[in-house]
Asker: 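Here you go, one structure.
Atoms within each ligand, like the ligands themselves, are counted from 1 in listed order.
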Amino acid sequence: MSVHNDTPTPDLSSKAVVQLQHLAEYLDQIEDRLQSFRAIATRRDDGIDFAFPFGRASFELSNGQVEIRARAGERDDLARIKDLLATAVQVYGKQDSPQIRWTGDFCEETKLPQFREMTVMEITQLTPAMRRIRIAGADLGRFARFGGMHIRMLFPTSRVPQPVWPTLGKNGLAAWPPDDRRPTPRAYTIRRLNVEAGWMDVDFVLHSGDSVGSHWAETALPGSTVGIMGPVGRPVPMDAEWYLMGADETGLPALSRMLETLPASTSGVAFVEVADEGEVIHIDNRTSIEVHWLPRNGTAAGMDKRLVNSVMAVKWPVGLACFGWFAAEAEGASIIRNYWRTELGLGRDQTLAASYWDRMKAGSMATGGLAKA
Ligand SMILES: Cc1cc2nc3c(=O)[nH]c(=O)nc-3n(C[C@H](O)[C@H](O)[C@H](O)COP(=O)(O)OP(=O)(O)OC[C@H]3O[C@@H](n4cnc5c(N)ncnc54)[C@H](O)[C@@H]3O)c2cc1C
């Protein structure tokens, strides 16, 4: 069996026995999802093993019952694996109404390991429509791990000005308070993280219309509090030789972060749609990826076709390890995802086209399995 060389010796473990009558119908999807979180999967006659860089997991089938095991060397890693497994089972096994209840190490824990309460430190207006907010909190090390760049921010609202934060449920997932005490989630990117100093920067697009995240960013003051959960999102491989990227302003924080952290030898092309020239920001691009700005100049956000057309017009080079990354409004993301996956026949391991917002609805992608890929 091939395993991650750096998988730690797993001496902590948890187990859940779950009725999943139709597992055979969705095991491929669970496998695919966990692989996209860096698991190496190995099928057996009676189940499947997963080796993550931070621990292991297995599904063992017998008589319609499935024994799910999570093993890791550290508490946070065990919790991460339980969360990934439980989320995958809940997302794909809906038809079996899975009842997951973990037993074993730390199963009595109620503190949600991926949650932190954060306090606003500093606010910087980067451009007329982009506001950077530095938030501070304790013990941020996990946000530099697991390969996820994003967080789910939990906002107070006028209806719930003092929300009750989620705790850890017996199923390894977040347990939420009743609606009248519940914070409102939205997905954002960790633009910059300083674990030692205990802060992270989040760049907020300030947009019109009734909103939660944008409204919070416009009204937050130093000392305001907000909850975060994470990191979330599929890890983007950092070892491709050539990248094709496309983003509107909501994907710009993630795109900037990648251009600042990918190896200098990386080449490729990136397109960034912004409202106008005034929204162009400086990116400390360490790579040879060429950045092209596409100002909408009056066309409404989510209505300009040039981003999608520009990305589709690029020919993928032959003979290089390539990766396509796209983050923008839902319709464009769906066009690019179909084009890459169906027309070009590229796999999930070579592409990530994610809907970051939806002009037809509020709060898109904030609660479920995050961005589709
Ligand atoms: C993984 C991920 C990472 C993200 N990272 C960032 C980030 O770092 N910075 C960031 O600003 N956004 C980011 N987004 C996008 C952000 O989550 C959405 O824009 C979200 O809808 C904002 O919530 P809201 O409460 O402000 O607006 P909502 O309450 O969700 O929506 C209210 C109304 O505003 C519209 N709307 C929402 N977003 C926009 C927009 N950008 N422009 C114009 N109209 C809009 C909606 O269609 C709706 O009509 C990310 C999304 C994902 C999935």
Asker: Does Asp45 have any salt bridge (charged side-chain N to carboxylate O under 4.0 Å, His left out) partners at least two apart in sequence or in another chain, and if so, which?
Answerer: none
Asker: Gly302 near ligand 1, heavy-atom distance under 4.0 Å?
Answerer: no
Asker: Give the atoms of ligand 1, by number and element, whose distance to some non-hydrogen atom of Phe204 is under 4.0 Å.
Answerer: 11 (O)
Asker: Going by the order shown, which atoms of ligand 1 are within less than 4.0 Å of some heavy atom of Ser355?
Answerer: 53 (C)
Asker: Please check if the number of heavy atoms outside Gln162 that lie under 6.0 Å from its CD is greater than 12.
Answerer: no
Asker: Report yes if some N/O of His207 lies less than 3.5 Å from some N/O of ligand 1; otherwise report no.
Answerer: yes
Asker: Would you mind listing which atoms of ligand 1 come within a distance below 4.0 Å of any non-hydrogen atom of Arg359?
Answerer: 47 (O)
Asker: Where does the angle between the aromatic ring planes of Phe271 and His292 fall among parallel (under 30°), tilted (30 to 60°) and perpendicular (over 60°)?
Answerer: parallel
Asker: Using a plain distance cutoff, I'd like to know if Pro253 has any nitrogen or oxygen under 3.5 Å from a nitrogen or oxygen of ligand 1.
Answerer: no
Asker: Taking atom CG as the centre, does Asp46 end up with more than 12 heavy-atom neighbours from other residues, nucleotides or ligands that are less than 6.0 angstrom away?
Answerer: yes
Asker: When you measure from atom 9 (N) of ligand 1 to each heavy atom in Thr250, Asp203, Val212, Thr189, which option holds the nearest one?
Answerer: Asp203
Asker: Using a 3.5 Å cut-off on N or O atoms only, is Ala187 in polar contact with ligand 1?
Answerer: yes
Asker: For ligand 1, indicate whether the residue Asp210 contacts it via side chain, backbone, both or neither (heavy-atom separation under 4.0 Å).
Answerer: backbone
Asker: Does Lys361 have a non-hydrogen atom less than 4.0 Å from ligand 1?
Answerer: yes
Asker: Under 4.0 Å, heavy-atom basis, I'd like to know which part of Val202 is in contact with ligand 1: side chain, backbone, both or neither.
Answerer: neither
Asker: Determine whether Arg296 and Asp304 satisfy the following criterion, salt bridge (Lys or Arg N to Asp or Glu O under 4.0 Å), listing intermediate values before the conclusion.
Answerer: CA-CA 7 Å; Arg296 284 189 301 274; Asp304 194 332; 5.9 Å; no
Asker: Check whether any N or O atom of Ala301, backbone or side chain, sits under 3.5 Å from an N or O atom of ligand 1, and answer yes or no.
Answerer: no
Asker: Taking the six-membered ring for Trp, are Phe204 and Tyr188 closer than 6.0 Å centroid to centroid?
Answerer: yes
Asker: Classify the ring geometry between Trp216 and Phe155 as parallel (under 30°), tilted (30 to 60°) or perpendicular (over 60°).
Answerer: tilted
Asker: Enumerate the atoms of ligand 1 whose separation from the nearest heavy atom of Asp358 is less than 4.0 angstrom.
Answerer: 46 (C), 47 (O)
Asker: Can you check which of Tyr356, Phe155, Trp216 brings a heavy atom nearest to atom 15 (C) of ligand 1?
Answerer: Tyr356
Asker: Take a 6.0 Å sphere around NE2 of His207 and say whether it holds more than 12 heavy atoms from other residues, nucleotides or ligands.
Answerer: yes
Asker: Parallel, tilted or perpendicular, judged at 30° and 60°: which one describes the rings of Tyr356 and His150?
Answerer: perpendicular
Asker: For the salt bridge (charged side-chain N to carboxylate O under 4.0 Å, His left out) test, which of Arg44, Arg43, Lys15, Arg69 pairs with Glu60?
Answerer: Arg44
Asker: Judging by distance only, is a nitrogen or oxygen of Arg186 under 3.5 angstrom from one on ligand 1?
Answerer: yes
Asker: Check whether any N or O atom of Val205, backbone or side chain, sits under 3.5 Å from an N or O atom of ligand 1, and answer yes or no.
Answerer: yes
Asker: For ligand 1, is Gly363 a contact, meaning one of its heavy atoms is under 4.0 Å away?
Answerer: yes
